[in-house]
2 protein chains.
Amino acid sequence: MTNKNDYIDRRILKSKKALKDAIISLMQQKDFKEVTISDIVRLADLNRGTFYKHYQYKEDLLDDIIDEVITDLIASYREPYQNIATFDVSKLSSNAIKIFEHVHKYAEFYKLIVNSNVLTSFQHKICIVIKDLVMQDVTGKLTNPNINKELIASYHSYAIFGMMIELIHSGFKYSSSYMAEQLLAIIHSHNN
Amino acid sequence: MTNKNDYIDRRILKSKKALKDAIISLMQQKDFKEVTISDIVRLADLNRGTFYKHYQYKEDLLDDIIDEVITDLIASYREPYQNIATFDVSKLSSNAIKIFEHVHKYAEFYKLIVNSNVLTSFQHKICIVIKDLVMQDVTGKLTNPNINKELIASYHSYAIFGMMIELIHSGFKYSSSYMAEQLLAIIHSHNN
DNA sequence: AATTGATTGTCCATTAATGAACAACTAGAT
DNA sequence: ATCTAGTTGTTCATTAATGGACAATCAATT
């Protein structure tokens, strides 16, 4: 299905990464609309033509970042389930939970969206994505038929999002494994 | 004197930096002779041909790093004197002292040489370079003619080197400005 | 002794990034 | 109102890095 040559050249990945890092760094210093493309390529240490080869506006670059983060968020949430049949977070070991590693990985971006007022829309997007993921868990295993799936999905997804926010506000002083342990401890204290 | 086109293409600088970072990182994990070129380019995320375009052996890469560090060390030591006539460390303000920023800048490299037994020769090289720099200070200003210049140069250079070692052993928990303040405080407590 | 898997050094055609130039536009300072 | 310095979008020839191939070498396994 996918093309035989559907890998992406490393140079492209490196250039895009440099541009992404640069715009995130600049947005921590000043407002998005004040960040110029010349600023971005200057910090990214790239020729301006390289920017235009990949993007047209700053907005495209930002969209690309958001896409990447969401893709990685979904992958990180799903990764532990790859080789097992169950679909129950509480059954996972704490070191199998990868979502907080994802938050660490994109620490600069998350710091940005939590503080910034530009990307409040993305915060909702995050919540929706997590909720969808949790929904698939819930639909997979039918525990108590009296429980509203939407409600429990919302409950868990916002709980996870809340922990993410706490992690970010703390300045990332908690390790991913600690966060995962805490998540499990909290869940088990409810369910046992 | 220098060629009109004597700048270096950014791509070369980036590739070399990636190779340098990679070999330093690998040498923190295993012995130098066990680090393969494939290891280096794998971590540096570069094609193997790129390594061979710039270097022939691993040793060349290591030599290049050492050259760069020493060049930066000298520049960092001299920078404060650029626009002033005096040549007396004790006359500088603490925030003018740049040498500890240099150590921070090459933190990974310094951690490596302090621990590793491969690069003990480089430790001597560092001392000699610093001593030469201090010597120029001492020759510039003739304070007490009874004082042996070689001796005072050795004294100060090893003192600075000692502080660098202490900074590295501490895991870089002291800021550059703090280090500089301490250096000045120590000097002044002797001279006043 | 034969085999497997990895590294090494070298090659090449293709592609991405580069520096430099350009005219057009903008914002601030004089 | 003019001047200055900067950004923008685009173009182009040149250069660096790429992926992929190759035979040769080496170490550990069988």
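All chains are named by letter (A, B, ...) in the order of the sequence lines, taking the proteins before the strands, and each is independently numbered beginning at 1.
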Starting at [atom1] of [X] and ending at [atom2] of [N], how long is that distance when rounded to a whole Å?
X	N	atom1	atom2	answer
A/I8	C/dA16	CD1	P	11 Å
A/Y7	C/dA16	OH	C1'	12 Å
B/R48	C/dC12	CZ	C1'	15 Å
B/N47	C/dC12	CG	C1'	12 Å
A/L19	C/dA16	CG	C1'	13 Å
A/Q56	D/dT7	CD	C1'	16 Å
A/E34	C/dA27	CD	P	13 Å

Self-check item: Members of residues 37-46 of chain A that approach DNA chain D, where some heavy atom sits under 4.0 Å away
Solution: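 A/I37, A/S38, A/R42 - these, ordered by number, are the residues of the stretch whose heavy atoms sit under 4.0 Å from the strand.
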Check: So do B/D21 and B/K17 actually touch side chain to side chain, heavy atoms under 4.5 Å?
Finding: yes
Check: B/V41 and B/T50 side chains under 4.5 Å, non-hydrogen atoms
no
Original post:
Does any donor-acceptor pair link the side chain of B/K53 with the base of D/dA17 at a separation under 3.5 Å?
Top reply: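 Yes, the side chain and the base share a sub-3.5 Å donor-acceptor pair.
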Any donor-acceptor pair under 3.5 Å linking the side chain of [X] with the backbone of [Y]?
X	Y	result
B/D60	B/Y57	yes
B/D39	B/T36	yes
A/D31	A/K33	no

### Message
Using five pairs at each end of the helix from C/dA1-D/dT30 to C/dT30-D/dA1 to define an axis, what is the angle between those two axes, to 10°?
### Response
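Taking five pairs per end, the axes differ by 40°.
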Next on the checklist: For the residue pair B/K98 and B/Y77, would you count it as a cation-pi contact if the rule is NZ or CZ under 6.0 angstrom from the ring centre and within 45 degrees of the ring axis?
Outcome noted: no
Check your understanding: By a strict heavy-atom criterion of less than 4.0 Å, which residues belonging to residues 10-17 of chain A are in contact with DNA chain C?
Key ->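 A/R11, A/I12, A/S15 - these, ordered by number, are the residues of the stretch whose heavy atoms sit under 4.0 Å from the strand.
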The reported gap from CD1 in B/I23 to CG in B/D64 (rounded to nearest 0.5 angstrom) is 10.5 Å
Q: Respond yes when some side-chain nitrogen or oxygen of B/T50 is under 4.0 Å from OP1 or OP2 of D/dT18, and no when none is.
A: yes
### B/H54 side chain near D/dA17 phosphate (N/O to OP1/OP2, under 4.0 Å)
yes
Hey, mind stepping through B/Y174 and B/H104 against ring pair (Phe, Tyr, Trp, His ring centres under 6.0 Å) and telling me if it holds? CA-CA 10 Å; B/Y174 310 117; B/H104 267 106; 9.4 Å; no
Got more than 12 heavy atoms from elsewhere within 6.0 Å of NZ, A/K173? no
(request) Answer yes or no: is there an ion pair linking B/K16 with B/E68, defined by an N-O contact shorter than 4.0 Å? (result) no
Of A/V35 and B/D9, the one whose closest DNA chain D nucleotide lies more 5':
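By nearest-heavy-atom nucleotide position, the 5'-most residue is A/V35.
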Note to self: Here's a test for you: under side-chain contact (heavy atoms from CB on, under 4.5 Å), which of B/I113, B/I65, B/D72 qualifies with B/Y106?
What the structure shows: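 Only one option passes, and that is B/D72.
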